[in-house]
Undergrad: 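One structure is given below, represented as structure tokens, and several questions about it will come after.
Computed over heavy atoms, backbone and side chain alike; hydrogens, waters and symmetry mates excluded.
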2 protein chains.
Amino acid sequence: MTDELKEDGYEEKRIVPEPLMRWTGAILGRASQKVRDSFENRMSGSCLKSRHYGALILLEDGAKTQIELGRLLWIDRTTMVALVDELEKSGDVKRERHPEDRRAYLIQLTEQGQVTLARARQIADEVEDEIFSALSDQEREQLRELLGRLI
Amino acid sequence: MTDELKEDGYEEKRIVPEPLMRWTGAILGRASQKVRDSFENRMSGSCLKSRHYGALILLEDGAKTQIELGRLLWIDRTTMVALVDELEKSGDVKRERHPEDRRAYLIQLTEQGQVTLARARQIADEVEDEIFSALSDQEREQLRELLGRLI
DNA sequence: TATTGTTATACTCTATAACTATA
DNA sequence: TATAGTTATAGAGTATAACAATA
């Protein structure tokens, strides 16, 4: 039940029943789930999940150790290993030794990774515009502001 | 890395780095994750996870089959089995044969389930007030309205 | 033929514990 | 002693396939 399209193509309506609408956390969770599902559905062609995409965005800012990356992505260091493995395998990222700390790696975006990121960002922007088309630009900005204060 | 409190009690700051703030889906996902974590953290005393709580809320409205319940909770029917098993084991719910469809069960809230629900709702309301204390009542209502349009 | 509930199974995501090599 | 990265492992959560009983 990960998305609206079932195997035979009929559209499964995902509603939030009225008794749950009084529970703000439930609305938030369901909106988040729907947005994430739509996003990953449309990004599936590029083999990137949202976590990979997030990592690429952060690395564009400059090379980072796995621990730093994990802290920014809310991902445990043991989980980061596989994530970086995958990005390295696809050639979007490379591990380099940290010049000042021989325990650590610096994860760097490769040239190919920059291309992947640019392409992914284009798709992601399209998807976001689609998902948030129910809101005006002003409302979307308002939503971001309100959510930002919850974190 | 499920919550802000680490084993030794120091508080892990969960921030959203600026490059990710431009990605609305990321903000939404992180807000949702934080709210869910806080909620389940505080509800852990009552042994209810958010899905159980959601089920009890829906059953207050009247008995439902597992399929109906699953459709309202966005939970697959194979996953519903264990969820109902747990609620039945704790005595909050009972399976009764559907009078008009001998394939189906009707899941009913027991008297004890009503007590559990009332107690859980009290805690949940407190938790929500705490979580959303960064927003005024009006802003919180606005957030619900905006999120509702995304679903 | 289709649907409800069920089981077995597998896959993803994530965290804990323990290790190594450094600091 | 503490930290970065790693592995093994185990626990959630969820989905697919197949089945029995019933519609």
Undergrad: Calculate the interatomic distance between B:Arg102 atom CZ and C:dT4 atom C1'; express it in whole Å.
TA: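 In whole Å, C:dT4 C1' and B:Arg102 CZ are 14 Å from each other.
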Undergrad: What is the distance, rounded to the nearest whole Å, between atom CD of B:Glu40 and atom P of D:dA12?
TA: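 It works out to 13 Å between those atoms.
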Undergrad: Which whole-number value in Å describes the distance from A:Tyr105 OH to C:dA21 P?
TA: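 Distance, rounded to whole Å: 12 Å.
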Undergrad: Strictly below 4.0 Å: does B:Lys49 bring a side-chain N or O up to OP1 or OP2 of D:dG13?
TA: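 For D:dG13, OP1 or OP2 has a side-chain N or O of B:Lys49 closer than 4.0 Å.
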Undergrad: Rounded to the Å, how far apart are B:Asp76 CG and C:dT12 P?
TA: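 Nearest whole value for this atom pair: 17 Å.
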Undergrad: Rounded to the nearest angstrom, tell me the gap between atom CH2 in A:Trp74 and atom C1' in C:dC13.
TA: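 After rounding, the gap between these two atoms is 17 Å.
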Undergrad: Could you tell me whether A:Lys89 and A:Glu86 have a side-chain N and a carboxylate O separated by less than 4.0 Å?
TA: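 Judged by the 4.0 Å cut-off on N to carboxylate O distance, A:Lys89 and A:Glu86 do not form a salt bridge.
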Undergrad: Mapping A:Arg103 and A:Val84 onto DNA chain D by nearest heavy atom, which one lands closer to the 5' end?
TA: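 Whichever sits nearer the 5' end wins; that is A:Arg103.
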Undergrad: Which residue lies toward the 5' end of DNA chain C, A:Thr78 or A:Glu100, if each is placed at its nearest nucleotide?
TA: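 Result of the comparison: A:Thr78.
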Undergrad: Separation of A:Arg77 atom CZ from D:dT6 atom C1', in whole Å?
TA: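 Nearest whole value for this atom pair: 9 Å.
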Undergrad: Without decimals, in angstroms, what is the distance between B:Met80 CE and C:dT4 C1'?
TA: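 Distance check: B:Met80 CE to C:dT4 C1' gives 12 Å.
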Undergrad: Which one, D:dG13, C:dT6, D:dT7, comes nearest to the side chain of B:Arg51?
TA: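 Looking only at side-chain atoms, B:Arg51 lies closest to D:dG13.
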Undergrad: Using a cut-off of 4.0 Å on non-hydrogen atoms, how would the nucleic acid contact of B:Arg97 be classed: base, sugar-phosphate, or nothing?
TA: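 No contact.
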Undergrad: A:Ile67 has an atom CD1; how far is it from atom P of D:dG5, in whole Å?
TA: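 Whole-Å distance recorded here is 6 Å.
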Undergrad: Verify, without hydrogens or angle tests, whether A:Gln66 (side chain) and A:Tyr105 (backbone) share a donor-acceptor contact under 3.5 angstrom.
TA: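 No: the side chain of A:Gln66 does not pair with the backbone of A:Tyr105.
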Undergrad: Between B:Arg144 and B:Glu141, does any NZ, NE, NH1 or NH2 come within less than 4.0 Å of an OD or OE carboxylate oxygen?
TA: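 A salt bridge is present here (some side-chain N lies under 4.0 Å from a carboxylate O).
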Undergrad: What's the separation between atom OG in A:Ser38 and atom CD in A:Gln33, rounded to the nearest 0.5 Å?
TA: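 A:Ser38 OG to A:Gln33 CD: 10.5 Å, rounded to 0.5 Å.
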